[in-house]
Amino acid sequence: MRIGITCYPTYGGSGIVATELGLELAHRGHEVHFISYANPIRLDPDTPGVFYHEVEVSTYPLFLYPPYSLALASRMAEVAERHQLDLLHVHYAIPHSISALLAQQMITSRRLPFVTTLHGTDITLVGADRSYFPITKFSIERSDGVTTISEYMRQRTINFFGVQGSIEVIHNFVNCSLYKPDPEAQSRRSDKALASSTGRKRILHISNFRPVKRVLDCIQVLGRVREQVDAELFLAGDGPERGPAERLAHELNVDKYVRFLGKQDHMERLIPRMHALHLPSEMEAFGLAALEAMACGVPPVATRTGGVPDLIDHGVNGFMEPVGDTDAQAKTLINLLTDNALFGQVSAAARHTAESRFCSDLIIPKYERYYADVCNQAGS
Ligand code: GMT
């Protein structure tokens with residue numbers, strides 16, 4: 001098939017899923033055209049079968065807010081015509097699905113179907129905003145196909161928007177050949193590249209540092225953990241809560257044990273060197289970071305929220321504690337980091353979950369089948 005993919009190209013789960021999906025599809029022989037304002041961060045445009053089309057957003061004195069959605073729609077229609085795309089697949093409802101709808105209407109010679117994948121905050125935050133609620137609902141109703149990444153998100157979208165029509169759950173996935181355990185790196189007592197001192201346990205947090213991620217809880221929890229375990233915290237990513245997190249680390253006198261790594265391009269190299277992933281989010285539609293950690297045999301300590309229970313079986317392949325309960329999160333991390341037998345069991349179960357349920361090889365064919373169904377219906 002020839003597929004056009006649009007996503008937010010910056011850091012964030014939806015862009016990562018879209019990019020990895022495009023790469024996997026290309027690997028399976030499809031022709032994939034990314035249409036966005038920048039090259040998606042994990043995308044190597046030299047990959048065979050992958051093409052990148054930039055959306056140029058011109059400024060004009062009248063445009064206080066340059067109309068990106070319109071420039072995107074024009075580019076989608078142009079690329080779809082020139083490359084005879086079979087389908088557009090947009091990730092994150094606003095504004096991508098509205099641009100896809102416009103592109104569909106601009107092409108009069110045939111019907112170009114489009115699929116929208118809902119990732120989380122497009123529904124829970126943006127879609128809940130009064131200014132965007134009606135257009136989000138409209139965009140879902142007008143999509144030829146809608147998928148989302150957890151059962152929780154499916155229910156929440158139906159309940160909140162009262163949308164008719166089916167929403168398919170296709171979970172997040174991970175490339176299990178790339179994301180894999182590295183027992184030697186994990187058991188190494190120090191790590192020069194990370195400037196990690198001898199014997200310290202390494203806790204990782206990955207996010208875009210938005211308030212919904214509760215990064216400050218990571219710092220609070222580290223403070224408690226350090227009362228009993230010589231541990232340090234690595235924070236990968238960047239965003240608005242970085243400054244407050246740095247200040248809190250200083251106030252709690254743990255700044256020596258907190259390392260801000262910034263945006264990282266090769267998470268598959270970083271994660272296997274860790275002993276735990278801490279994901280204390282207020283809301284997580286699925287929790288891709290937890291899945292990537294599990295594939296590397298790094299147990300996640302997450303919050304029981306949103307779609308996380310689709311992934312984590314508490315006490316078996318990871319842990320879930322209440323949102324904001326930093327005492328419970330610290331206690332769980334202390335147990336995990338001090339009980340080698342527990343660590344070994346959970347680490348192995350985490351890897352097994354990733355391999356047996358969420359590996360790309362299992363999930364990508366679901367997208368392929370879904371695309372075929374949508375194209376058949378659009379053609380009939
Ligand atoms: O919050 C993020 O990490 C970014 C956000 C996005 O939309 O880019 O991620 C969402 O999509 C990911 C991929 O499908 C999910 O794994 C995350 O759980 C989800 N984040 C939230 O719901 C907060």
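Counting starts at 1 for both ligands and their atoms, following the listed order.
Looking at D327 and K331, no side-chain N of the basic residue comes within less than 4.0 Å of a carboxylate O on the acidic one, giving no salt bridge. Between E321 and R214 there is no salt bridge, since no side-chain N of the basic residue sits under 4.0 Å from a carboxylate O of the acidic one. Ion pair R351/E355 flagged as a salt bridge, since at least one NZ, NE, NH1 or NH2 atom sits closer than 4.0 Å to an Asp/Glu carboxylate oxygen.
Remark: R226 qualifies as a cation-pi partner of Y257 under the 6.0 Å distance and 45° angle criteria applied to the six-membered ring.
At a 3.5 angstrom cut-off on N or O pairs, G13 counts as close to ligand 1. The shortest N or O to N or O distance between G12 and ligand 1 is not below 3.5 Å. At a 3.5 angstrom cut-off on N or O pairs, Y92 does not count as close to ligand 1. At a 3.5 angstrom cut-off on N or O pairs, I149 does not count as close to ligand 1. Close N/O approach between G120 and ligand 1 is not found [any backbone or side-chain N/O within under 3.5 Å].
When only non-hydrogen protein atoms are considered, atom 22 (O) of ligand 1 lies nearest to A285 N, 2.9 Å. Summary of contacts: the protein heavy atom closest to atom 21 (C) of ligand 1 is E284 OE2, 3.5 Å. Atom 3 (O) of ligand 1 has its closest protein heavy atom at K213 NZ, 3.0 Å. For atom 11 (O) of ligand 1, the nearest non-hydrogen atom of the protein is H119 O, 3.3 Å. Taking atom 16 (O) of ligand 1 as the reference point, the nearest protein heavy-atom neighbour is N172 OD1, 2.8 Å.
Residue-ligand proximity, N208 to ligand 1, at heavy-atom distances under 4.0 Å covers atoms 1 (O), 2 (C), 3 (O), 4 (C). Per-residue contacts place M283 under 4.0 angstrom from the following atoms of ligand 1 (heavy atoms of the residue considered): 22 (O), 23 (C). Residue F286 approaches ligand 1 through these ligand atoms, each under 4.0 Å from one of its heavy atoms: 16 (O), 18 (O). Those atoms of ligand 1 with a heavy atom of V17 less than 4.0 angstrom away are 13 (C), 14 (O).
Residue contacts with ligand 1 for R210 involve side-chain atoms from C-beta outward but no N, CA, C or O (heavy atoms, distance under 4.0 Å). In L288, the parts holding a heavy atom less than 4.0 Å from any atom of ligand 1 are both the side chain and the backbone.
At least one side-chain heavy atom of F358 sits less than 4.5 Å from a side-chain heavy atom of F286. Here the side chains of R28 and I364 are in contact, with some heavy-atom distance below 4.5 Å.
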